[in-house]
There are 2 protein chains.
Amino acid sequence: MQDRITQLFKAIADPTRRDIFHALVIASTALSITQIANQFEISRQGVTKHIKTLEDAGLIKLDNKGRERFCYANAKPLKELNKWMQFYEQFWGDSLDNLDTYLNTNKNA
Amino acid sequence: MQDRITQLFKAIADPTRRDIFHALVIASTALSITQIANQFEISRQGVTKHIKTLEDAGLIKLDNKGRERFCYANAKPLKELNKWMQFYEQFWGDSLDNLDTYLNTNKNA
DNA sequence: TTAATATGCAACTTTTTGGTTGCGTATTGT
DNA sequence: ACAATACGCAACCAAAAAGTTGCATATTAA
C-alpha cells in the first residue's frame, strides 16, 4: 500500500473527487450516492468508486439509512496535508527560490 | 489539459516526485539530472520524466550548463495549493465535521 | 403484493502513468 | 583525436486508475 500522504494527495488530485468533496462540504445536508451522482455526468457506479476512494482517505463519511447511504464531508485529514506543506513554507517566500539560496551560499567561496 | 490545481496536486501526489522535490529543496547546491538519478533506484530516464512533470508544474527550474542540466527547487507554487486548502480550514476545526453541521442546522426543524 | 428505487458487486474496456531499453548526439576530459 | 560522460528522444511495456455495463438484492412506495 501507499503511504498516508500519498493516499491523501491522490484522493484530492482527481478533479472529479475534488468536486464531489466540495459538493459535500457546501451541502446543507448529507447527500445520498444517487443525489451526488445526479450532479455528475459519469455513472452512479463511477461516482461510488470515487466515494470509496474519498472514504478510504477519511475525507468523507457514510451513514447507512435503509436502502440509502448518506455521505458527508470530513475535512480534518486536510490538516495532514497542510502540515506536510508547512515545512516548505520557509522556501516559498517572496523572491526566494533555491537558486538564490545557492548563489548566496557560494558568494564567499 | 488539466486545470492548474490538478496539475499541482498530481505532481506532488507521486512519492518519487515528492522525494526528488524534497532532495532539491534541502540540497545546498543545484543538482544535475544524473546526480539526482544516482539517489534513486529507477533509471535516469525515469527520473527525467519526473523532472519534466515537476518542471511543468513549476516546482523545479532548470539551468543548462554545457552537457549538464542543473535542477533547483521552486516551492512557490505550493502557495496555490495552500490557498486551495484555506477554504476548507473552516471545516476542519476540532469535533466539527459536516454531520455536526447538519444536525445543528436541523435542530429546530 | 407488486413496482420502483437505491444500492453493491463483478467483469470488462480505455486511458493514464510510471517505468524500461536502445540509440543518437553534444560536450568534456585525457 | 578519442573515450567517457550527460543527456534527449522514441518506442515499448506493465500496472493502476477511471470509467462502463449488466445483474442481483434489499428497501420503500403504491
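Numbers restart at 1 for each chain; the letters A, B, ... are given by sequence-line order, proteins then strands.
Side-chain atoms of B:Asn74 come within 3.5 Å of backbone N or O of B:Gly58 as a donor-acceptor pair.
Proximity of the aromatic rings of B:His50 and B:Phe40 is defined here by a centroid distance below 6.0 angstrom, and this criterion is not met.
Rounded to whole Å, atom P of C:dT5 lies 12 Å from atom CG of A:Asn38. If you measure from atom CZ of A:Phe40 to atom C1' of D:dT20, you get 18 Å, rounded to the nearest angstrom. Computed from coordinates, the B:Gln2 CD to C:dT17 P distance equals 7 Å when rounded to whole Å. Across the protein-nucleic acid pair, B:Lys10 atom NZ and D:dA18 atom P stand 7 Å apart, rounded to whole Å. Here the P atom of nucleotide C:dT7 and the NZ atom of A:Lys65 are 13 Å apart, to the nearest Å. Atom pair A:Ile33:CD1 and C:dT5:P shows a separation of 18 Å (rounding to whole Å applied). The CG atom of B:Asn64 sits 11 Å away from the P atom of C:dT27 (whole-angstrom rounding). With rounding to whole Å, B:Asp56 atom CG is found 15 Å from C:dT16 atom C1'.
DNA chain D is contacted by both A:Lys49 and A:Arg67; A:Lys49 maps to the nucleotide lying nearer its 5′ end (nearest heavy atom per residue). Nearer the 5' end of DNA chain D, as judged by each residue's closest nucleotide, is the contact made by A:Gln45, out of A:Gln45 and A:Glu68. Comparing A:Thr48 and B:Thr16, the nucleotide of DNA chain C nearest to each residue sits closer to the 5' end for A:Thr48. Toward the 5′ end of DNA chain C lies the nearest nucleotide of A:Ser32, the other residue of the pair A:Ser32 and B:Val47 mapping further downstream.
Between B:Lys49 and B:Asp14, none of the side-chain N atoms (NZ, or NE/NH1/NH2) sits under 4.0 Å from a carboxylate O, so this pair counts as no salt bridge.
Comparing D:dG19, C:dG8, C:dT21 against the side chain of A:Ile42 picks out D:dG19 as the nearest.
With A:Phe21 as reference, B:Tyr88 is the one residue of B:Phe87, B:Tyr88, B:Trp84 to meet the ring pair (Phe, Tyr, Trp, His ring centres under 6.0 Å) rule.
In terms of phosphate contacts, B:Ser43 brings no side-chain nitrogen or oxygen within less than 4.0 Å of OP1 or OP2 of C:dG19. For A:His50, a side-chain nitrogen or oxygen approaches OP1 or OP2 of D:dG19 to under 4.0 Å.
Note on A:Gly46: a base of the nucleic acid sits closer than 4.0 angstrom, heavy atoms only. Counting any heavy atom pair closer than 4.0 Å across all strands shown, A:Thr53 reaches no nucleic acid atom. Base contact: B:Arg44 has a heavy atom under 4.0 Å from a base atom.
Judged as a side-chain contact (heavy atoms from CB on, under 4.5 Å), and not counting sequence neighbours, the contacts of B:Glu55 are B:Lys52, B:Ile60, B:Leu62.
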